[in-house]
Colleague: 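For reference, the structure I am asking about is given below.
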Amino acid sequence: MNTTMLKYLVELSGGKVVAIDTNAFFNRFPMDAYKDELYSLQNLGFVSLLDGDNQIIDIGVNQKAIDYVSQL
């Protein structure tokens with residue numbers, strides 16, 4: 001699991017369960033390179049993804065991610 005990416009997701013969320021600014025996220029972690037990692041985080045319950053046309057449209061940070069990052 002990419003903890004650096006997970007920390008950045010939580011940072012973008014402001015420590016709240018919300019959808020983040022995907023443009024800011026993908027500027028740092030390009031979708032083509034990190035799409036599989038995002039789906040892995042979704043399978044683990046850390047994020048929720050909304051996708052369409054083979055693109056991730058929205059990324060929601062879940063409480064599980066916030067709790068996990070706060071323990072690091």
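Along the sequence shown, residues carry numbers from 1.
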Colleague: Find out if a path of hydrophobic residues (ILVMFWY) with successive side-chain heavy-atom gaps under 4.5 Å connects Ile66 to Met1.
Modeller: yes
Colleague: May I have all residue pairs that pass side-chain hydrogen bond (donor to acceptor under 3.5 Å, both in side chains) and include part of residues 13-31, sequence neighbours excluded?
Modeller: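 Of all non-adjacent pairs touching residues 13-31, none passes side-chain hydrogen bond (donor to acceptor under 3.5 Å, both in side chains).
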Colleague: Side chains of Asp67 and Gln71: donor-acceptor distance under 3.5 Å anywhere?
Modeller: no
Colleague: A side-chain contact here means heavy atoms from C-beta on lying under 4.5 Å apart; do Val47 and Lys64 qualify?
Modeller: no
Colleague: So Gln42 and Ile59, side-chain contact (heavy atoms from CB on, under 4.5 Å) or not? Walk me through it.
Modeller: CA-CA 9 Å; Gln42 178 177 252; Ile59 303 170; over 6 Å; no
Colleague: Write down the atom of Leu12, the atom of Ala24, and the distance for their closest heavy-atom approach.
Modeller: CD2-CB, 4.1 Å
Colleague: Once rounded to the nearest 0.5 Å, what's the spacing between atom CD1 of Ile20 and atom CG of Asp58?
Modeller: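 Rounded to the nearest 0.5 Å, the CD1-CG separation comes to 9.0 Å.
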Colleague: Do Val18 and Leu6 share a hydrophobic cluster, counting only Ile, Leu, Val, Met, Phe, Trp and Tyr and linking them when any side-chain heavy atoms are less than 4.5 Å apart?
Modeller: no
Colleague: Listed by chain and number, what are the side-chain hydrogen bond (donor to acceptor under 3.5 Å, both in side chains) partners of Glu37, not counting sequence neighbours?
Modeller: none
Colleague: For the backbone of Gly45 and the side chain of Asn62, can you confirm whether one donor and one acceptor N or O come within less than 3.5 Å of each other?
Modeller: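 Yes: the side chain of Asn62 pairs with the backbone of Gly45.
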Colleague: Only counting residues at least two apart or in another chain, list the ones meeting side-chain hydrogen bond (donor to acceptor under 3.5 Å, both in side chains) with Asp51.
Modeller: Tyr39
Colleague: Any ring pair (Phe, Tyr, Trp, His ring centres under 6.0 Å) involving residues 47-72? Give me the pairs, sequence neighbours left out, ordered by first then second residue.
Modeller: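 Pairs touching residues 47-72 that pass the test: Phe46-Tyr68.
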Colleague: Can you name the closest pair of heavy atoms from Ile57 and Gly52 and give their distance?
Modeller: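 So the minimum-distance heavy-atom pair works out to CD1-N, 3.7 Å.
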Colleague: I'd like to know whether Leu50 forms a side-chain contact (heavy atoms from CB on, under 4.5 Å) with Ile56, so could you lay out the CA-CA distance, the side-chain angles of the two residues, the decisive distance to 0.1 Å, and finally the verdict.
Modeller: CA-CA 6 Å; Leu50 177 64; Ile56 296 173; over 6 Å; no
Colleague: Among all residues two or more places apart in sequence or in another chain, which pass the side-chain hydrogen bond (donor to acceptor under 3.5 Å, both in side chains) test with Ser40?
Modeller: none
Colleague: Could you work out, with side chain to side chain contact (heavy atoms under 4.5 Å, CB included) as the rule, every residue matching Gln55, not counting sequence neighbours?
Modeller: Met31
Colleague: According to a hydrophobic-cluster definition based on side-chain heavy atoms being under 4.5 Å apart (Ile, Leu, Val, Met, Phe, Trp, Tyr only), do Val17 and Val61 belong together?
Modeller: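 Yes.
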Colleague: Could you walk me through whether Lys35 and Asn54 pass the side-chain contact (heavy atoms from CB on, under 4.5 Å) check?
Modeller: CA-CA 10 Å; Lys35 184 187 281 188; Asn54 204 24; 3.5 Å; yes
Colleague: Should Leu9 and Leu38 count as side-chain neighbours, where that means a heavy-atom distance under 4.5 Å?
Modeller: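 Side-chain contact under 4.5 Å: yes.
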Colleague: Which residues pass the ring pair (Phe, Tyr, Trp, His ring centres under 6.0 Å) test with Phe25, sequence neighbours left out?
Modeller: Phe29
